[in-house]
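Throughout, a chain's letter reflects where its sequence line sits, starting with A, and its residues are numbered from 1.
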There are 2 protein chains.
Amino acid sequence: MPRGPRWLYERIRSQGFKLTLPRQLILDMLNKTKHHLSADEIYIFLRRRYPQIGLTTVYRTLEMLTRLGLINKFDFGDGRSRYELKKEEHHHHLICKKCGKVIDCKEFVDEEVALIKKIEESLSKKYSFKINFHQIYFYGICKECSK
Amino acid sequence: MPRGPRWLYERIRSQGFKLTLPRQLILDMLNKTKHHLSADEIYIFLRRRYPQIGLTTVYRTLEMLTRLGLINKFDFGDGRSRYELKKEEHHHHLICKKCGKVIDCKEFVDEEVALIKKIEESLSKKYSFKINFHQIYFYGICKECSK
DNA sequence: GTAAATGCAAAGGTTTTGCACGTTA
DNA sequence: TAACGTGCAAAACCTTTGCATTTAC
C-alpha cells in the first residue's frame, strides 16, 4: 500500500504542524526521488521552483520529519547527512568505498527477519536496551569501480 | 591473541611510515580505551602529556590508520567521526537515541555469520558488488534512559 | 641529508542559532 | 490574530589545506 503525499501532509497536520509550501515541496521531492538526498541538494533543486526558499528551512524541515519518523537520516561517510523517505519495506545499503555510490537493497532472505529479531531479543535482555530499529551497511566495491 | 602496541608500531613502520611520537601516543590511546573516540577527544587528552600536539596531526594520523585498516571510522550521528582500533572480533553497535551512548556487542548467534555470508553472496551476484565488510547498527533506548 | 611529518593559521564545508518578518489555521 | 514558520546573516562546528619548521630514518 503505497502512501502518497496526501497521507504525508496529514501526518504533518495531525501532529500540530502547519502545512506550509516549503514543507510540501520538500516532502514531494523526497517522495519522488529514488536517491538519498542531502539538505543542500534539496535546497539547490527547490530554488528553481521556489527561489525564496532558505537552506535553514530545509534543515529545520528535515529535522522535524526525522523526529516525526517520516524520514531516515543516514551518514554514508561523505561529510553530509543524507535523507530518505521511510518506505514500508525494510531495506539496507550497499556503499561503494571508491565512488561513494549507495544502492538500496530490499531483497532479503526470509531468515533475516527471524535472526535479527532473535539477536535483538538477546541484546535487549543482556543490556536492558530497547531496540526499535536496525540498519545494516555493506561496504565494498561496485560494478563500475571494479573494472 | 591480543596484539599490543608493539605489533601496531611494526605495522606503521612496515608500510614505510615513520613512527613518530604523536603517532605512538594516538595508537596507545586507541589501544587502551574502551570508548569510541573523536579526533577532538584524542587531541584534548594528549595535550596533557604532550602540549605541542596539533589537532591537524590527530586528523592526519587517524586518516592514515584508517587507510592502513588498523582502525575503523564510524558515524553515530553526533556530528563528528569516531574511531576505534580494529579488534579481531567482529562486533556491532547499540546506539541510544536519547543519550547517544554506544555499546559494543560481540555476542552473536553463530547463525549470523552464515546468514550474512549468504546475503553478501546473493547481493554480490545481483549487483556485481564486491562486499568486504558489513556493519550493523541497532538503535534504541538504553537502560538508564528508559527509567 | 632528505623525504616525511608536524603544528600553526587560515580556509572550507556543513549545520545551527538569533531575530525580524510572513504566513497558517 | 496569535502562534508558528521562514529567510537572512552570522555563528558554531568539524575537518582539510598551505606552508615553514622539525624530525625520523
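Nearer the 5' end of DNA chain D, as judged by each residue's closest nucleotide, is the contact made by A:T61, out of B:R82 and A:T61. Remark on DNA chain C: of its neighbouring residues B:P51 and B:F17, the 5'-side contact belongs to B:F17, judged by nearest-heavy-atom nucleotide. Residues B:R13 and A:L21 each lie close to DNA chain D; by heavy-atom proximity, the contact nearer the 5' end of the strand is made by A:L21. Each of B:Y50 and A:K73 was matched to the nucleotide of DNA chain C holding its nearest heavy atom; the match closer to the 5' end belongs to B:Y50.
Across all strands shown, B:Y43 has no heavy atoms under 4.0 Å from either base or sugar-phosphate atoms. Nucleic acid contact for B:S38: none, since no nucleic acid atom lies under 4.0 Å from a heavy atom of the residue. Within the 4.0 angstrom heavy-atom criterion, only backbone atoms of the sugar-phosphate kind lie near B:G79; the bases stay farther away.
Between A:D104 and the choices A:K34, A:H35, A:E84, the side-chain contact (heavy atoms from CB on, under 4.5 Å) rule is met once, by A:E84. None of B:T61, B:I42, B:L21, B:L46 except one satisfies the side-chain contact (heavy atoms from CB on, under 4.5 Å) rule with B:I53; the exception is B:L46. Checking each of B:L115, B:I131, B:N132 against B:E120 for a side-chain contact (heavy atoms from CB on, under 4.5 Å) leaves exactly one that passes, namely B:I131.
D:dC13 atom P lies 14 Å from atom CG of B:D78, rounded to whole Å. For B:L55 and D:dG18, the CG to P distance is 17 Å, given to the nearest whole Å. If you measure from atom CG of A:L65 to atom C1' of D:dG5, you get 14 Å, rounded to the nearest angstrom. For the pair B:R80 CZ and C:dT15 C1', the interatomic distance rounds to 15 Å; values are reported in whole Å. The interatomic distance linking A:I12 (CD1) with D:dC4 (C1') rounds to 14 Å, in whole Å. When rounded to the nearest whole Å, the span between CD1 of B:I26 and P of C:dA5 equals 13 Å. Note: CD (A:Q52) to P (D:dC8) measures 8 Å, nearest angstrom. Computed from coordinates, the B:D40 CG to D:dC13 P distance equals 11 Å when rounded to whole Å.
The side chain of B:P22 lies closest to C:dT6 when the candidates are C:dT15, C:dT6, C:dA25. Closest to the side chain of A:R60, from the set C:dG18, D:dT23, D:dG18, is C:dG18. Distances were taken from every side-chain heavy atom of B:I53 (C-beta onward) to each of C:dT15, D:dG7, C:dG7; the shortest belongs to C:dG7. Checked against C:dC8, C:dT24, D:dG7, the side chain of A:T20 finds its nearest nucleotide in C:dT24. Residue B:R23 places its side chain closer to C:dT6 than to any other of C:dT6, D:dC8, C:dA25.
With hydrogens and angles ignored, a donor-acceptor pair under 3.5 angstrom links the side chain of A:T56 to the base of D:dC8.
Between A:H91 and A:H93, the ring-plane angle classifies as perpendicular under the 30° and 60° cut-offs. Between B:H92 and B:H134, the two ring planes are tilted [angle within 30° to 60°].
Remark: A:Y59 is not in phosphate contact with C:dT16, judged by side-chain N or O atoms under 4.0 Å from OP1 or OP2. Neither OP1 nor OP2 of D:dG5 sits under 4.0 Å from any side-chain N or O of A:T57.
Salt-bridge check for B:K125 with B:E121: failed, with every basic side-chain N at 4.0 Å or more from each acidic carboxylate O.
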